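Notes for the one structure printed next.
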Amino acid sequence: MIDKFIDSAAAALADLPDGATVMIGGFGNAGMPAELIDALIAQGAKQLTVVNNNAGNADAGLAALIGARRVRKIICSFPRQTDSWHFDKAYRAGELALELVPQGTLAERIRAAGAGIGAFYTPTAFGTRLAEGKETRRIGGRDYVLESPIHADYALIKADRADRWGNLTYRMTARNFGPIMAAAAKITVAQVRETVALGELDPEIVVTPGIFVQRIVRIAPLRRAA
Amino acid sequence: MKKLDRKQIAARLARDIPDGAYVNLGIGLPTLVADYLPKDREIVLHSENGVLGIGPRPAPGAEDEDLINAGKEPVTLLKGGSFFHHADSFGMIRGRHLDYCVLGAFQVSVHGDLANWHTGAPDAIPAVGGAMDLAVGAKNVLVMMEHLTKDGQSKVVERCSYPLTGARCVNRIYTDLAVIDVKADGLHVVEIVGELPFDELQRLTGVPLKRLATAA
């Protein structure tokens, strides 16, 4: 019997060790697994390497994780924002290493990890300082930069619906990094709005097949005032 | 000297986007172009975070936090729109499926080199986002920017002094003073705003410009 449902976010992250590489889904608030990040902060793991498109906003979520000095390194494409003060402070203090990656290269490096690719050539960033020191190659008259996959120990993502096999659907642009991070991590924990019985998800619309997902936590959506 | 304001630059650029085009509008200034796309054309807007077919801004109160663009602003979806993950989204960009992208710029060189992500200041926190992917990936890279910096320096330059976003990638530049094509043999002025004489545009720009027969 396969049952990937876990009772709580805390239980789903209990074994996450110090020094782990953790992918965190989301782009802006869309797809951000806020409750899983809160559970990670409470859990206490430190010296983490975090992979996310950004480096946290305001005082919650990833920003709070950075503010609590639990992140050793961040791999992202766009750390600087008007409200990225926790990142800015830690970065300027030299407490946090930054690996800046063009957004499409970040996505493809994550995808490549999940797909078993050893490395790939991309035209993005050729001739720029983000390609300095990297192997390059001219293929068919075009210049490319060699990039390597990003593997993770854990991925924390947010999806919409899940069954106990771990099949996932997403909601609108909240999908963003979810499917590729799920495939790139050894242990993928998805927080979902709704859990359903096997067979209730139309197989034609499953976006992330359960093989990529190890743990599911249902988080009831906040009730908003009407 | 008559100068276009930012909305007028966006409106001018929007006129050149043809029916049926797939287009990515960069965050910030280029997003304005959406407001001026001709209503009689079907133009499909793409956003890096995984959406094709972006519609108008939602009415106040109708925003959905799961439906945003790359600038993290709430948007709507047109009939025929679709959602996809980030690697597919950048596959569309890098794989040359987008007909146009519109980007802002600090500088564009005579060879079409683009600098728009980093001022080069040593203490600046760098952030690149999808700009480098768009610069190499879209079939046509359109830049919209002011022609001159605040202290009167041309942003069209012989060689970019800021770090590059992409080399030899810009096809056309829309400024508050002119529309300029970047070609293998140099910069061709397509259009000049108002009554500005070509020689004056040339003087302000600094780098050599070629005059098209159709340009004043």
Side-chain angles (χ1 to χ4, degrees), chain A residues 25-32 53-55 57 76-81 84 87-88 91-92 98 100-112 114-115 122-131 142-144 158 160 170-183 207-208, chain B residues 27 47-52 54 64-77 81-96 111 113-118 120 123-137 160 162-169:
Chain A
F27 183 92
N29 287 328
M32 186 180 70
N53 189 62
N54 302 103
N57 297 80
C76 72
S77 84
F78 208 89
R80 184 194 65 232
Q81 307 202 46
S84 59
F87 168 82
D88 297 4
Y91 178 73
R92 290 198 196 283
L98 169 67
L100 187 74
V101 184
Q103 200 169 334
T105 302
L106 180 68
E108 191 63 14
R109 289 178 66 189
I110 295 167
R111 195 199 70 81
T122 177
T124 301
F126 182 86
T128 77
R129 63 164 65 170
L130 294 189
R142 197 157 191 224
D143 293 309
Y144 294 83
K158 181 179 178 181
D160 191 44
Y170 298 84
R171 190 164 175 276
M172 301 197 275
T173 58
R175 183 181 307 192
N176 56 66
F177 284 93
I180 55 174
M181 286 183 170
V207 176
T208 295
Chain B
I27 62 176
S47 197
E48 293 94 308
N49 55 319
V51 52
L52 272 171
I54 292 174
D64 186 317
E65 67 173 14
D66 285 341
L67 185 49
I68 59 174
N69 64 15
K72 298 177 177 127
E73 301 157 328
V75 294
T76 57
L77 191 72
S82 55
F83 300 117
F84 33 87
H85 66 62
H86 236 79
D88 278 352
S89 186
F90 279 87
M92 291 174 195
I93 294 171
R94 209 188 300 104
R96 297 223 172 248
H111 303 294
D113 298 339
L114 170 67
N116 82 346
W117 71 284
H118 198 312
D123 63 337
I125 293 174
V128 64
M132 288 188 179
D133 303 280
L134 287 163
V136 301
C160 295
Y162 291 143
L164 290 191
T165 306
R168 297 177 181 265
C169 59

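Each chain gets a letter, A, B and so on, in the order its sequence line appears, and its residues count up from 1. Everything numeric here is computed off the predicted structure, so don't read it as measured data.
With chain B as the partner, the residue from A/P123, A/G31, A/S84, A/C76 showing the most heavy-atom pairs under 4.5 Å is A/P123. For the set B/L77, B/V128, B/L164, the count of heavy-atom pairs under 4.5 angstrom toward chain A peaks at B/V128. Taking chain B as the reference chain and counting heavy-atom pairs below 4.5 Å, the highest number among A/D143, A/T128, A/I180 is found for A/T128. Ranked by heavy-atom pairs under 4.5 Å with chain A, the first of B/A124, B/A167, B/G50, B/P126 is B/P126. In terms of heavy-atom pairs under 4.5 angstrom with chain B, the leader among A/L100, A/N29, A/N54, A/I110 is A/L100. Across B/L134, B/I125, B/V51, the residue that shares the most heavy-atom pairs under 4.5 angstrom with chain A is B/I125. With chain A as partner, the option from B/F83, B/F84, B/W117 having the largest number of non-hydrogen pairs under 4.5 angstrom is B/F83. Options A/R129, A/Q81, A/R109 differ in how many heavy-atom pairs under 4.5 Å they form with chain B, and the most are formed by A/R129.
What you find for A/S77 and A/N53 is that their closest heavy atoms are OG-OD1, 2.8 Å.
In this structure, the portions of A/D88 lying under 4.5 Å from any heavy atom of chain B include both its backbone and its side chain. Using a 4.5 Å cut-off between heavy atoms, A/Y170 makes no contact with chain B at all. Residue A/R142 touches chain B through its side chain alone, counting heavy-atom pairs closer than 4.5 Å. Neither the backbone nor the side chain of B/S82 comes within less than 4.5 Å of any heavy atom in chain A. Contacts of A/R80 with chain B are made by both backbone and side-chain atoms, with heavy-atom separations under 4.5 Å. Heavy atoms of A/V207 lying under 4.5 Å from chain B are absent altogether. Interface residue A/T105: backbone and side-chain heavy atoms are both found under 4.5 Å from chain B. Interface remark: A/F27 contributes backbone and side-chain atoms alike to the contact with chain B (heavy atom separation under 4.5 Å). For B/I93, no part lies near chain A; criterion is any non-hydrogen pair under 4.5 Å. Neither the backbone nor the side chain of A/L106 has a heavy atom closer than 4.5 Å to any heavy atom of chain B.
In this structure a side-chain-to-backbone donor-acceptor pair under 3.5 Å is present from A/R92 to B/D123. Here the side chain of A/N176 pairs a donor or acceptor atom with the backbone of A/T173 at under 3.5 angstrom. In this structure a side-chain-to-backbone donor-acceptor pair under 3.5 Å is missing from B/R94 to A/T122.
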The test is side chain to side chain contact (heavy atoms under 4.5 Å, CB included); show your working for B/M92 and B/L52 and say whether it passes.
CA-CA 10 Å; B/M92 291 174 195; B/L52 272 171; 4.0 Å; yes
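Contact of the B/I68 side chain with the B/E73 side chain is not registered, since no non-hydrogen atoms from C-beta on lie closer than 4.5 Å.
The ring-ring contact (aromatic ring centres under 6.0 Å, His included) search around B/F90 returns B/H86, not counting sequence neighbours. Remark: A/R171 pairs with B/D64, B/D66 by the side-chain hydrogen bond (donor to acceptor under 3.5 Å, both in side chains) rule, at least two apart or across chains.
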